[in-house]
Amino acid sequence: MRIHHLNCGSLRGIEHEGEQLPAVCHCLLLETDRDGLVLVDTGLGTADVADPDRTLGPDFRGRAQPVLDLAETALHQVRALGHDPRDVRHVLLTHLDLDHAGGLPDFPDAEVHLLEAEQRAALGSPGPHPEDRIRYRPAHWAHRPAWTVHRQADGEPWFGFDAVRPLPQLAADLAIVPLGGHSAGHAAVAVRDRGADRWLLHCGDAYYFHREIDPDRPEGHPGMDVLQRLTEVDRPLRLGNHARLRELVRRHGGEVVPFSAHDPWEYARLAGGSTVGG
């Protein structure tokens, strides 16, 4: 399997130790031998670039300040890599926030995998949380995707977490790992990188800044912390998952590499090249 790291949406800049970089929408494109192309999250889509007021809304645009570049959309990057977008057969979502699911309409034939609680919250929006009308944008699933929802209760052990295997034909290499707190059915997606003999753990918005999961000296980011508190649905669960991720790094740092969807420093470290494995 070949793994590509894609930035599918540059956002407002983040400053750390005197360096300012745009936040990213870190997605993965997996070239599999058994089931075509698989996307992990989609970032922002072509409709978001064409008509952001309709699909993203003014609140998100003001808060995130997206660049809105067609070249950054997953659709254009899949084509730039020499693939037909129709070969994207599966999309695995960490959650349905607009900056993670905005590209769904660009892959209308793909099977879309996510946790049941997330689909229920998003399709029933606006719900009780004040963020629901901002984070969940029905335009992103107006094409009626082929949903495949997975139950957290169907999990099996994975490095101390429970994990659901979404694709039987790729069960040894993919897993959905429930990591709630940010949204109702938020999850991470684990991808086995056989070429580097490790797992990549796409943590979505379970955390925003790499220092948060440092097992020895955890440290938040002032601006990102405000945003996390604003968007969370369950603070104790979110913070508890931070602690679990720190323990994962402490115990299995050589076997599992977690990364946030938006941290540009993690993206820069991982996006240096594609990885090929069996």
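This structure is a prediction, so every number in the text was calculated from the model and none was measured. Both backbone and side-chain heavy atoms feed into the values below; hydrogens, waters and symmetry mates do not.
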message: Check for me whether the distance between the ring centres of His182 and Tyr207 falls short of 6.0 Å.
response: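 No: the rings miss the under 6.0 Å criterion.
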field: Centroid separation His221 to Tyr208 less than 6.0 Å
entry: no
Once rounded to the nearest 0.5 Å, what's the spacing between atom [atom1] of [X] and atom [atom2] of [Y]?
X: His5; Y: Leu270; atom1: NE2; atom2: CG; result: 5.0 Å
X: Leu44; Y: Thr55; atom1: CG; atom2: OG1; result: 8.0 Å
X: Asp51; Y: Thr46; atom1: CG; atom2: OG1; result: 11.0 Å
X: Gln119; Y: His150; atom1: CD; atom2: NE2; result: 10.5 Å
X: Leu96; Y: Asp132; atom1: CG; atom2: CG; result: 11.5 Å

Within the 3.5 Å criterion, strictly below it, is a donor on [X] or [Y] matched to an acceptor on the partner's side chain?
X: Glu72; Y: Ser10; answer: yes
X: Asp97; Y: His186; answer: no
X: Thr231; Y: Glu131; answer: no
X: His262; Y: His26; answer: no
X: Asn241; Y: Arg238; answer: no
X: Trp147; Y: Glu111; answer: no
X: His4; Y: Glu31; answer: yes

With side chains defined as the heavy atoms from C-beta onward, is the minimum distance between [X] and [Y] less than 4.5 Å?
X: Asp106; Y: His76; result: no
X: His242; Y: Pro218; result: no
X: Leu248; Y: Phe161; result: yes
X: His140; Y: Leu98; result: yes
X: Leu167; Y: His113; result: yes
X: Leu230; Y: Arg63; result: yes
X: Leu201; Y: Val177; result: yes
X: Arg250; Y: Asp216; result: yes

Same cluster or not: are [X] and [Y] linked, directly or through other Ile, Leu, Val, Met, Phe, Trp or Tyr residues, by side-chain heavy atoms under 4.5 angstrom apart?
X: Tyr267; Y: Val257; value: no
X: Trp158; Y: Ile176; value: no
X: Leu30; Y: Val164; value: no
X: Phe107; Y: Leu114; value: yes
X: Leu237; Y: Val233; value: no

Would you check if the side chain of [X] reaches a backbone N or O of [Y] as a donor-acceptor pair within less than 3.5 Å?
X: Asp41; Y: Ala101; result: no
X: Thr94; Y: Gly204; result: no
X: Glu212; Y: Phe209; result: yes
X: Glu219; Y: Ile213; result: no
X: Glu15; Y: Gly18; result: yes
X: Arg54; Y: Ala139; result: no
X: Asp173; Y: Leu170; result: no
X: Arg61; Y: Pro66; result: no
X: Arg229; Y: Met224; result: no

message: Just checking Arg269: does its CZ atom have more than 12 heavy atoms from other residues, nucleotides or ligands closer to it than 6.0 angstrom?
response: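 Atom CZ in Arg269 is crowded, with more than 12 foreign heavy atoms closer than 6.0 Å.
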message: The test is side chain to side chain contact (heavy atoms under 4.5 Å, CB included); show your working for Leu29 and Leu37 and say whether it passes.
response: CA-CA 7 Å; Leu29 178 68; Leu37 302 177; 4.2 Å; yes
Taking every non-hydrogen atom, the tightest pair across [X] and [Y]:
X: Ala261; Y: His100; value: CB-CE1, 3.4 Å
X: Leu174; Y: Pro166; value: O-CD, 3.8 Å
X: Ala206; Y: Leu245; value: CB-CD1, 4.4 Å
X: Ala175; Y: Arg165; value: CB-NH1, 3.9 Å
X: Pro264; Y: Pro22; value: CB-O, 3.3 Å
X: Cys203; Y: Pro258; value: SG-CB, 3.8 Å

Considering only NZ, NE, NH1 and NH2 on the basic side and carboxylate oxygens on the acidic side, decide whether [X] and [Y] come within less than 4.0 Å.
X: Arg79; Y: Asp84; answer: no
X: Arg244; Y: Glu247; answer: no
X: Arg246; Y: Asp214; answer: no

From CA spacing to verdict: side chain to side chain contact (heavy atoms under 4.5 Å, CB included), Thr42, Leu75: CA-CA 9 Å; Thr42 69; Leu75 179 75; over 6 Å; no
message: Set out, in order, the CA-CA distance, both residues' side-chain angles and the distance that settles side chain to side chain donor-acceptor pair (under 3.5 Å) for Glu118 and Ser183, then state yes or no.
response: CA-CA 7 Å; Glu118 184 68 11; Ser183 68; 2.8 Å; yes
- request: Pick out which of Arg137, Arg133, Arg135 makes a salt bridge (charged side-chain N to carboxylate O under 4.0 Å, His left out) with Asp59.
  value: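 Option passing the salt bridge (charged side-chain N to carboxylate O under 4.0 Å, His left out) with Asp59: Arg133.
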Chi angles and distances behind the side chain to side chain contact (heavy atoms under 4.5 Å, CB included) call for Trp141, Tyr136: CA-CA 10 Å; Trp141 45 86; Tyr136 296 136; 3.9 Å; yes
Val191 vs Trp199, side chain to side chain contact (heavy atoms under 4.5 Å, CB included): CA-CA, chis, key distance, verdict: CA-CA 6 Å; Val191 178; Trp199 284 86; 5.5 Å; no
